[in-house]
Structures are given as C-alpha cells and as structure tokens.
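All heavy atoms count here, side chains included; hydrogens, waters and symmetry mates do not.
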Amino acid sequence: MAMEVKMMRKETKIVVAVDESEESMYALSWCLSNFSSKSDHNTNTTLILLYVKPPPPAYSSLDAAGYLFSTDAIGAMEKYANELVHSVMERAEAVYRHSEVKMNVEKKVGSGDAKDVICHSVEKLGADTLVMGSHGYGFFKRTLLGSVSDHCAKNVKCPVVIVKHPKQNRI
C-alpha cells in the first residue's frame with residue numbers, strides 16, 4: 001500500500017528566480033537546504049532555475065551611419081546578455097552541485113520585465129512554489145524601482161517564499 005501511495009504522488013515543481021545577485025544565489029541555497037530530501041534521489045521534485053533577461057533594446061535609425069552603429073551596439077548588448085545568462089546559470093548549477101541534494105533540474109530563460117515574466121512563467125510551468133531572494137532595497141529605492149518579489153507575492157497563485165540574505169538583517 002505504501003508503494004502505491006508513493007507512486008501516486010504528483011511531481012512538485014519549485015521555481016527559483018535567479019539573477020546575478022548574491023541574494024538570489026543565497027535563496028537557491030536556502031531552497032535546496034529546506035525543500036528537499038538529502039537521503040536519496042528525489043525524482044518527484046523538479047527544481048526550475050528561472051533567469052529573466054531585460055527586454056531587447058528598441059532603437060531607431062536616423063541615417064545609415066547611425067543604423068550601422070546601432071546594429072553593432074545591439075549585437076554587443078545581446079552578446080553580453082547571453083554571456084550573463086550563461087554566467088548566472090553556471091553559478092546556480094555550482095550551488096546545486098555543492099549541495100547534497102539530488103533532484104531533477106531544469107533551466108528556463110525569459111526576456112522582458114522580470115515581475116511579469118516570473119509571474120507568467122510560474123503559471124505556465126504549473127509551479128507549486130516560487131522562491132526568490134530579497135534585494136533588501138530601502139523605501140525610496142523600492143518606491144522608484146518597485147519590488148519584484150512584492151509584485152510576484154501578490155500576483156502568483158502558488159505560495160511564494162522570499163528569502164532574505166543574512167547580511168540584510170544587520171542594523
């Protein structure tokens with residue numbers, strides 16, 4: 001009977017929003033420590049690493065010389081964005097490899113406004129939990145930039161865990 005119950009458990013999907021920040025890597029590490037079984041391979045849990053690239057820049061060409069310059073600049077920015085994605089995912093994979101946790105891992109990359117892409121991806125992927133790091137912005141910076149984690153906590157249907165980095169707890 002116990003075997004049948006184990007076989008019927010649905011897959012759990014945990015989305016961890018990662019970026020180049022120390023806070024997001026800490027949130028991933030926290031997630032691995034708190035949402036997983038270290039004893040054996042957990043095939044019923046999938047960890048989805050989600051990175052959101054900024055939207056591609058819009059540009060206009062005023063003349064041929066300006067257009068050529070813009071094309072070169074756009075190409076350089078796209079190359080940098082792709083290198084950043086690779087770097088962030090490598091760091092996230094290193095955090096995973098150094099944990100004792102074994103589970104299915106998927107990588108997803110979106111493009112656009114982070115809060116909209118994260119909310120849409122969580123719904124599309126059928127996530128059971130969203131884990132995010134907190135950048136710990138103060139009142140003014142949060143007011144100007146908006147808080148991605150606050151927006152996601154209010155708009156996704158699954159539970160959201162916002163992990164504060166220990167350095168934010170200092171007075």
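With sequence neighbours left out, Asp128 forms a salt bridge (Lys or Arg N to Asp or Glu O under 4.0 Å) with Lys10. Remark: Glu83 pairs with Lys79 by the salt bridge (Lys or Arg N to Asp or Glu O under 4.0 Å) rule, at least two apart or across chains. For the salt bridge (Lys or Arg N to Asp or Glu O under 4.0 Å) test, no residue two or more places apart in sequence or in another chain qualifies with Lys154.
Of the options Asp113, Val117, Ile118, Asp116, a side-chain contact (heavy atoms from CB on, under 4.5 Å) to Val148 is made by Ile118 and by none of the others. Tyr51 pairs in a side-chain hydrogen bond (donor to acceptor under 3.5 Å, both in side chains) with only one of the listed residues (Lys108, Lys107, Glu20), which is Glu20.
For the pair Met25/Val18, a side-chain contact is recorded, criterion being any heavy-atom separation below 4.5 Å from C-beta on. Put simply, the side chain of Lys115 does not reach to within 4.5 Å of the side chain of Asn155, judged on heavy atoms. Proximity of Asn82 to Lys53: side-chain heavy atoms (C-beta onward) are separated by under 4.5 Å at one or more points.
Classified by interplanar angle (parallel below 30°, tilted 30° to 60°, perpendicular above 60°), the ring pair His165/Tyr26 is tilted.
The shortest non-hydrogen separation linking Leu28 to Ala92 is CD2-O, 3.5 Å. The minimum heavy-atom distance linking Ile162 with Ser149 is given by the pair CD1-CB, 3.7 Å. Looking at every heavy atom in both residues, Pro54 comes nearest to Ser111 through O-OG, 3.5 Å. Closest non-hydrogen pair, Cys158 versus Ala127, comes out as CB-O, 3.5 Å. For Cys152 against Leu130, the heavy-atom pair with the smallest separation is CB-CD2, 3.9 Å. Leu49 and Met89 get closest at one heavy-atom pair: O-CE, 3.5 Å.
Using a 3.5 Å distance cut-off with no hydrogens or angles, the side chains of Thr46 and Glu11 do pair a donor with an acceptor.
The number of heavy-atom neighbours closer than 6.0 Å to CD of Glu93, taken from other residues, nucleotides and ligands shown, is above 12.
His151 contributes no side-chain N or O that, together with a main-chain N or O of Ser147, makes up a donor-acceptor pair within less than 3.5 Å. Side-chain atoms of Lys13 come within 3.5 Å of backbone N or O of Leu125 as a donor-acceptor pair. A distance-only check finds no donor-acceptor pair linking the side chain of Tyr96 to the backbone of Leu32 [under 3.5 Å].
For the atom pair CE of Met103 and CD1 of Ile14, the computed distance is 5.5 Å after rounding to the nearest 0.5 Å. A distance of 5.0 Å separates CD of Glu106 from CD1 of Ile48, quoted to the nearest 0.5 Å. The CZ atom of Arg91 lies 13.0 Å from the NE2 atom of His86; values are rounded to the nearest 0.5 Å. Distance check, rounded to the nearest 0.5 Å: NZ of Lys102 to CD of Glu100 gives 8.5 Å.
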- Message: Set out, in order, the CA-CA distance, both residues' side-chain angles and the distance that settles side-chain contact (heavy atoms from CB on, under 4.5 Å) for Cys31 and Leu47, then state yes or no.
- Response: CA-CA 9 Å; Cys31 175; Leu47 176 68; 4.3 Å; yes

- Task: Could you please spell out the steps behind the side-chain contact (heavy atoms from CB on, under 4.5 Å) verdict for Asp19 and Val52?
- Result: CA-CA 7 Å; Asp19 61 20; Val52 182; over 6 Å; no

- From CA spacing to verdict: side-chain contact (heavy atoms from CB on, under 4.5 Å), Val161, Phe35: CA-CA 11 Å; Val161 179; Phe35 281 136; 3.9 Å; yes

